**Student:** 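Below are the structure tokens for one structure; questions will follow.
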There are 2 protein chains.
Amino acid sequence: MNDISPGQFNLVSNAFSFTIAAMGATTLFLWLNRSLVAPPYRMAVTISGLVTAIALYHYVRILQSWDAAFQVMGGQISVTGVAFNDAYRYVDWLLTVPLLLVELILVMRLSKAATVSKSVRLGLLAAAMVLLGYPGEISDQAGTRWLWWGLGMIPFLWIVYELFVGLRDSIEAQPLGARGLVNAARWLTVGAWSFYPLVFVLPMIGFTGGTAAAAVQVGYTVADIVAKAVFGVLIFAIALRKSEQEPVAQAT
Amino acid sequence: MNDISPGQFNLVSNAFSFTIAAMGATTLFLWLNRSLVAPPYRMAVTISGLVTAIALYHYVRILQSWDAAFQVMGGQISVTGVAFNDAYRYVDWLLTVPLLLVELILVMRLSKAATVSKSVRLGLLAAAMVLLGYPGEISDQAGTRWLWWGLGMIPFLWIVYELFVGLRDSIEAQPLGARGLVNAARWLTVGAWSFYPLVFVLPMIGFTGGTAAAAVQVGYTVADIVAKAVFGVLIFAIALRKSEQEPVAQAT
């Protein structure tokens, strides 16, 4: 990270600032439009906005930490000696990743018992996945990184299994007009989440130095925007579609 | 930009501060009055406020970056060596310019299929226009600037064509009392947006140094206020006019 160029520094700064704007706008969009969906779906929309609000907070911190780590003067960059704090991402994920799965479960409107049991199981798996990734993230030894990467992949694959096998019947029971969107939300989760272990691996397969550091930061940032903001708007679209198809619920 | 005068520095600072106030006030106006329009038009008003809120955020960043780039002491100005970050504008436009077209489409209340297809097409064209402008903006070579300017003009002219030909029938189908306002919104879009490529060209046709730098900043700022804040209030006026003429929608 010490041989980052001024251009790479700016690219990462601008990506962080873009994310702050995108997360803030998505939060406001979701909360302002919450009343447009029927009451049974409002909790899903509220939580979608909470996830982007938590991410907004952490990206403000991440940008501050990034700015504190480097100094750009007259086209030259130098490290200040203040370390960039990688932990903000993991703290963010520990809060938001379980909530993302809860959003999906809530908008499907399963039975109360199924909602609770699936939320607890998927939420704990998601938290375990994030916690197992962190010891690898802060290590610069490839062996240690691979070990924790492999351990983190166990709950990740379990979540994928739950989404595709455990939720299959529930997705087939969704109203016809919403089934395609719920399926898209499931695929977006698996697709966007797969991006994180790939970005994690970059430094272990030869990508080092400033280019790798910038690629890791921009990679996580893009994945966060898709997994949280785009996903949140998709959850809102599902809630809106289902509200339109359930006139009884709407009249509540 | 190095030979800017203290007066020019202050003019630009004050223009940025004015814009922060105008964008913030417009955001609050739109969201506070959102319930005055009928439910089918609330999404258009919500998004109009989101656009000015995103611009508010970026103008705070732009003003901070401007202040960090120069130091004024005892009537003398000097550059600090910290570069003014031009990218904030492009990051802002990447988010807001597609949303401005979505506002216009939403307030017209087309069929669902037409709303989605036109929003996606115009949104992608708008994003392409902004992305193609950026490599030219950061270059100080006239040839490179003209190349990307020309490439960016292709999606711009396509958008103009869509607004005047693609939306012609839809505008003629608007209720009589709102048709004039929708037409005005269309013209305001084309007029205000034409301002950006003109400002972009200033440094290529001989305007250089402090005067040109100040003119570019003030020019973009005025264009942003018209294209986002004035346009947002116009969208609200259309929504209000249409709500009055559609008692059925209002009763929902």
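None of these values were measured; they are calculated from a predicted model. Each chain gets a letter, A, B and so on, in the order its sequence line appears, and its residues count up from 1.
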**Student:** With sequence neighbours excluded, give me every salt bridge (charged side-chain N to carboxylate O under 4.0 Å, His left out) pair touching residues 48-60 of chain B.
**Tutor:** none

**Student:** For chain A, find which of B/Ile138, B/Leu95, B/Val82 contributes the most heavy-atom pairs closer than 4.5 angstrom.
**Tutor:**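 Result: the option with the highest number of such pairs is B/Leu95.
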
**Student:** Residues two or more places apart in sequence or in another chain: which of them pass side chain to side chain contact (heavy atoms under 4.5 Å, CB included) with B/Leu131?
**Tutor:**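 Testing B/Leu131 for side chain to side chain contact (heavy atoms under 4.5 Å, CB included), a comparison that skips the adjacent residues, returns B/Leu94.
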
**Student:** Counting the benzene-type ring for Trp, do B/Phe29 and B/Phe236 have ring centres under 6.0 Å apart?
**Tutor:**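 Between B/Phe236 and B/Phe29, which both carry aromatic rings, the centre distance is below 6.0 Å.
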
**Student:** Do the non-hydrogen side-chain atoms of B/Ile225 and B/Phe18 ever get within less than 4.5 Å of each other?
**Tutor:**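 Contact flag for B/Ile225/B/Phe18 side chains = yes.
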
**Student:** Would you indicate whether the side-chain heavy atoms of B/Leu104 and B/Phe231 approach each other to under 4.5 Å?
**Tutor:**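 Yes - at least one pair of side-chain heavy atoms lies under 4.5 Å apart.
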
**Student:** Only counting residues at least two apart or in another chain, list the ones meeting side chain to side chain contact (heavy atoms under 4.5 Å, CB included) with A/Ala126.
**Tutor:** A/Val97, A/Pro98, A/Leu101, A/Ile159

**Student:** Heavy-atom count check: over 12 atoms from other residues, nucleotides or ligands less than 6.0 Å from A/Phe207 CZ?
**Tutor:** no

**Student:** Name the region of A/Leu63, side chain, backbone, both or neither, that has any atom closer than 4.5 Å to a heavy atom of chain B.
**Tutor:**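 Interface part for A/Leu63: side chain.
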
**Student:** So which N and O atoms of chain A and chain B form donor-acceptor pairs under 3.5 Å?
**Tutor:**
residue: A/Asn14; atom: OD1; partner: B/Asn85; partner atom: ND2; Å: 2.8
residue: A/Ser17; atom: OG; partner: B/Tyr57; partner atom: OH; Å: 2.9
residue: A/Leu32; atom: O; partner: B/Arg34; partner atom: NH2; Å: 2.9
residue: A/Asn33; atom: OD1; partner: B/Arg34; partner atom: NH2; Å: 3.4
residue: A/Gly74; atom: N; partner: B/Gly81; partner atom: O; Å: 2.6
residue: A/Glu244; atom: OE1; partner: B/Lys112; partner atom: NZ; Å: 3.3
residue: A/Glu244; atom: OE2; partner: B/Lys112; partner atom: NZ; Å: 3.2

